[in-house]
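One-based numbering, in listed order, for ligands and for the atoms of each.
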Amino acid sequence: MDGRDWNLFLQPYEQAVEEMKVKFKTLRSELKARESYAPIEFVTGRVKKISSILDKARRLNVPMEQLETGIEDIAGIRIMCQFVDDITRVAAIVRSRQDLKLVYEKDYVTNYKDSGYRSYHMIVEYPVQTALGFKKVLAEIQIRTLAMNFWATIEHSLNYKFKESLPDDVKLRLRKAAEAAFNLDNEMSSIRSEILDAQIGFEEGSNIVNKVLSDIQDLYFYRKVREAVQFQLKFNELWEQGDTFGLKQLSGEIQSSLHKARKSPPQADELE
Ligand SMILES: Nc1nc2c(ncn2[C@@H]2O[C@H](COP(=O)(O)OP(=O)(O)OP(=O)(O)O)[C@@H](O)[C@H]2O)c(=O)[nH]1
Ligand SMILES: Nc1ncnc2c1ncn2[C@@H]1O[C@H](COP(=O)(O)OP(=O)(O)OP(=O)(O)O)[C@@H](O)[C@H]1O
């Protein structure tokens with residue numbers, strides 16, 4: 001093995017991981033403040049252990065003098081999302097960032113691995129300012145849902161214990177567990193879209209109420225008192241029944257009355 005100073009070798013990777021973690025955690029807070037929902041649930045990161053770097057170099061036949069280019073995940077962060085759709089959004093954000101350069105992507109969400117592993121991986125080039133100046137390091141960004149992470153964390157610990165020799169029945173059960181995690185993600189996504197639809201429906205309902213009440217006020221302005229009172233009674237009835245469709249129709253009727261009223265405004269002494 002070469003006699004390099006591993007602390008010095010790993011220093012820029014430590015820095016890259018710390019900086020990237022701060023940046024994506026800050027992004028989460030900012031998106032939460034701006035849009036009230038952030039596609040990032042939490043962020044973790046690590047620098048690969050020396051033993052793991054050496055194992056991987058041997059496994060992938062990477063010469064020691066080419067570790068920096070041959071092992072792409074010495075620096076790695078992981079971004080956990082609530083929903084599968086969030087992964088696409090986070091990946092788009094990573095692609096658009098000016099402070100790193102995308103090298104390539106691996107979509108194990110669509111093309112999941114034989115083991116059942118699902119995640120979206122992005123290998124990036126990240127620039128750090130070291131005491132000796134500017135240096136670019138390779139880093140891996142793994143993006144996955146909470147369910148994918150749950151599965152991968154447990155599978156990783158089992159794999160570590162059994163190394164390459166996982167018994168076939170365990171492999172099969174892990175694949176089934178991965179399917180279960182996939183189904184859980186799908187179910188959560190469909191519940192989410194129903195909740196979003198309900199929220200949109202609620203928003204529409206509240207907008208239509210505002211519109212009807214303010215248009216009735218305008219009818220008073222045009223001295224269409226009798227019409228305004230009738231519309232108000234009709235509104236009360238529909239509102240009691242929670243009839244959004246009826247309210248939309250009523251809104252249309254009030255609009256056409258208002259239209260007529262605006263075309264022939266009342267004379268000063270005119271009262272309905
Ligand atoms: N738990 C778990 N993690 C995996 C699995 N496959 C990949 N990973 C994770 O994804 C990383 C990158 O894996 P790959 O995209 O296969 O790339 P690689 O680094 O060229 O090759 P390997 O180290 O052989 O996986 C690994 O270092 C793991 O952290 C898997 O089957 N189970
Ligand atoms: N990009 C990443 N971000 C955060 N944690 C990671 C990342 N990649 C791996 N880890 C975690 O770091 C720990 C050590 O993993 P290690 O780097 O030794 O192996 P690995 O990445 O799983 O596999 P390999 O050696 O094949 O690359 C594990 O808990 C693993 O889940």
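Residue Lys234 qualifies as open at atom NZ: its count of foreign heavy atoms under 6.0 Å is 12 or below. Atom NZ of Lys106 has more than 12 neighbouring heavy atoms from other residues, nucleotides or ligands inside a 6.0 Å radius. A 6.0 Å sphere centred on OH of Tyr112 holds no more than 12 heavy atoms belonging to other residues, nucleotides or ligands.
Salt-bridge formation is not detected for the pair Glu179/Arg175: no Lys NZ or Arg NE/NH1/NH2 atom is positioned less than 4.0 Å from an Asp or Glu carboxylate oxygen.
Protein heavy atom closest to atom 1 (N) of ligand 2, with residue, atom name and distance, is Glu140 OE1, 3.0 Å. Shortest contact from atom 14 (C) of ligand 2 to any protein heavy atom: Arg46 NE, 4.0 Å. With hydrogens left out, the protein atom closest to atom 3 (N) of ligand 2 is Ile77 C, 3.1 Å, a heavy atom. Closest protein heavy atom to atom 18 (O) of ligand 2: Ser52 OG, 2.7 Å. For atom 6 (C) of ligand 2, the closest non-hydrogen atom on the protein side is Arg78 NH2, 3.2 Å. Atom 26 (O) of ligand 2 has its closest protein heavy atom at Arg59 NH2, 2.9 Å. Protein heavy atom closest to atom 24 (P) of ligand 2, with residue, atom name and distance, is Lys48 NZ, 3.3 Å. Nearest protein neighbour of atom 28 (C) of ligand 2, counting heavy atoms only, is His156 CE1, 3.7 Å.
For Glu105 and Tyr120, the side-chain atoms include at least one donor-acceptor pair closer than 3.5 Å.
Side-chain heavy atoms closer than 4.5 Å link hydrophobic residues (I, L, V, M, F, W, Y) into clusters, and following such links, even through other members, never connects Trp151 to Leu184. Taking hydrophobic clusters as Ile, Leu, Val, Met, Phe, Trp and Tyr residues chained together by side-chain heavy-atom distances below 4.5 Å, Ile208 shares a cluster with Ile216.
Looking at heavy atoms from C-beta onward, Met20 lies in side-chain contact with Val124 at the 4.5 angstrom threshold.
No part of Asp55 comes within 4.0 Å of ligand 2, judged by heavy-atom distances.
Polar contact with ligand 2: absent for Gly45 (N/O pair, distance under 3.5 Å).
Protein residues with a heavy atom closer than 4.0 Å to ligand 1 are Lys56, Arg59, Asp73, Lys106, Tyr108, Lys113, Ser115, Tyr117, His121, Glu140, Gln142, Ala152, Glu155, His156, listed by chain and number.
Evaluation of the side-chain hydrogen bond (donor to acceptor under 3.5 Å, both in side chains) rule for Arg89 yields Glu35 as partners, not counting sequence neighbours.
Judged by the 6.0 Å distance and 45° axis criteria, Arg144 is not positioned over the aromatic ring of Tyr117. Under a cutoff of 6.0 Å and an axis angle of 45°, Arg118 and Phe182 form a cation-pi pair.
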